[in-house]
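If you're wondering where the values come from, they're calculated on a predicted model, not measured in any experiment.
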Amino acid sequence: MKPETEAELAEMVAGLSEPMRIVGGGTRGVDGLEAVLETSGLSGITLYEPGALTLVAQAGTPVAEIEAALEAEGQQLAFEPIDHRGLLGTSGTPTIGGVVAANISGPRRIQAGACRDFLLGVRYVDGMGQVIKNGGRVMKNVTGYDLVKLMAGSWGTLGVLTEVSLKVLPKPEAVATLGVHVADAGDAVQALSAALKSPFEVSGAAYDPQDGRALLRVEGFSDSVAYRTEQLKFTLSGFGEITEVSDPVELWRNLRDVRPFHGQEGDVWRISVKPTDAPEILTRLEADQTLLDWGGGLIWARVPEGSDLRSRIGVFEGHATLVRTEAKTVEALGRFQPESSGIEALTKGLRARFDPRGILNPGLMG
């Protein structure tokens, strides 16, 4: 099923007699039900006001189309959405609805915020086929119950997105990245933390153990970037040798898309933790490969297929999501972190209200 309009989508959902798997551009590699409802037919930028820093697009609009329109005006999606295709070995076309539905956010989240923080409004079809609108098309019109942020990260289990309204930001005039050569993850997290606590507005803070460098990005006007970069060198001088990266844009694109894992065998997990807990958790993982982002608050881990990584970690403050694996492993371990009894009751209650027939991506999030 591939509707071309919101009205057609609403009619289709209202008439469903079986559960459906909601698919945008097909890049996330989420398997499940054979019956598929595609949103890629709902495509196009419906409003773009560069002066107001707002953009409205139908959910099936390719992210590349949006980025091209923003590029022409010197603007960007500040939350830096990941392109999962290389990591997951999928094809298809990333869509803005898929980005919002999964709350996909890249390295700049530590400074600018997540996808949901730039979401001004949504339109969606709930499980009964009703068209719901929440929020607005410009920042001053965001009122009412905040269903906007609720939809971000709901993975299509509460409704099928048809349109999203986003705040956008100007692209930086200059970008610089420092690499601090460190001995281990403990030193890396300390260096990243020192930079993030500084007043120099770091917009990227990552560590690749295979590379041995803590990486720090600074963006903005050229003079400001030059000044802040020099100040950071002084701040971080006690952590190890510091070098400047020659191609920072390509470097952060590779980190955003977890390129070191591309073409490598094994399961991939995404673990959100307190940055200070990252070094200890890394020792428990016994992973074949790891990559840290968000100052240590995000760990990407590649482990042998079928590994129960949550058992390896034990009790920790955070959550571990199974990003890439075989269907049998998802069935055995679950894709998302198990919820506490209180949260589970709350989420079940929400789904019962938004999708009382249980037809939208049932079982995907528990």
From V122, L120, T46, V148, residue fulfilling side-chain contact (heavy atoms from CB on, under 4.5 Å) relative to S165: L120
Salt bridge (Lys or Arg N to Asp or Glu O under 4.0 Å) evaluation trace for E230 with K233: CA-CA 5 Å; E230 290 305 311; K233 287 179 181 179; 3.2 Å; yes
Any L77 side-chain heavy atom under 4.5 Å of V168 side chain: yes
Close side-chain approach of L161 to T39, heavy-atom, < 4.5 Å: no
Side-chain (S154) to main-chain (M151) donor-acceptor, under 3.5 angstrom: yes
Co-membership, hydrophobic cluster, residues F316 and L285, 4.5 Å side-chain: yes
Chi angles and distances behind the salt bridge (Lys or Arg N to Asp or Glu O under 4.0 Å) call for E71, K171: CA-CA 8 Å; E71 177 72 28; K171 290 192 70 172; 2.8 Å; yes
Distance-only side-chain donor-acceptor flag, S203 / R217, under 3.5 Å: yes
Geometric class of the F336/W155 ring pair [parallel <30°, tilted 30-60°, perpendicular >60°]: perpendicular
Residue among N134, L119, D117 satisfying side-chain contact (heavy atoms from CB on, under 4.5 Å) with K149: D117
Sidechain-backbone polar pair: N254 side chain, L251 backbone, donor-acceptor under 3.5 Å: no
Expected output: side-chain D83 to main-chain D257 donor-acceptor under 3.5 Å: no
Shortest non-hydrogen contact from A301 toward L309: CB-CD1, 4.1 Å
ILVMFWY cluster, L147 and V164 together (side-chain gap under 4.5 Å): yes
W269 (side chain) donor-acceptor with R324 (main chain) under 3.5 angstrom: no
Short side-chain donor-acceptor distance under 3.5 Å, E339 and T347: yes
Pairing of E80 and R256 as salt bridge, 4.0 angstrom limit: no
Flag, side chain of R228 to backbone of E201, donor-acceptor distance under 3.5 Å: yes
Side-chain (R310) to main-chain (A320) donor-acceptor, under 3.5 angstrom: yes
S105 side chain to C115 backbone, donor-acceptor under 3.5 Å: yes
Main-chain N/O of G266 paired to D288 side chain as donor or acceptor, under 3.5 Å: no
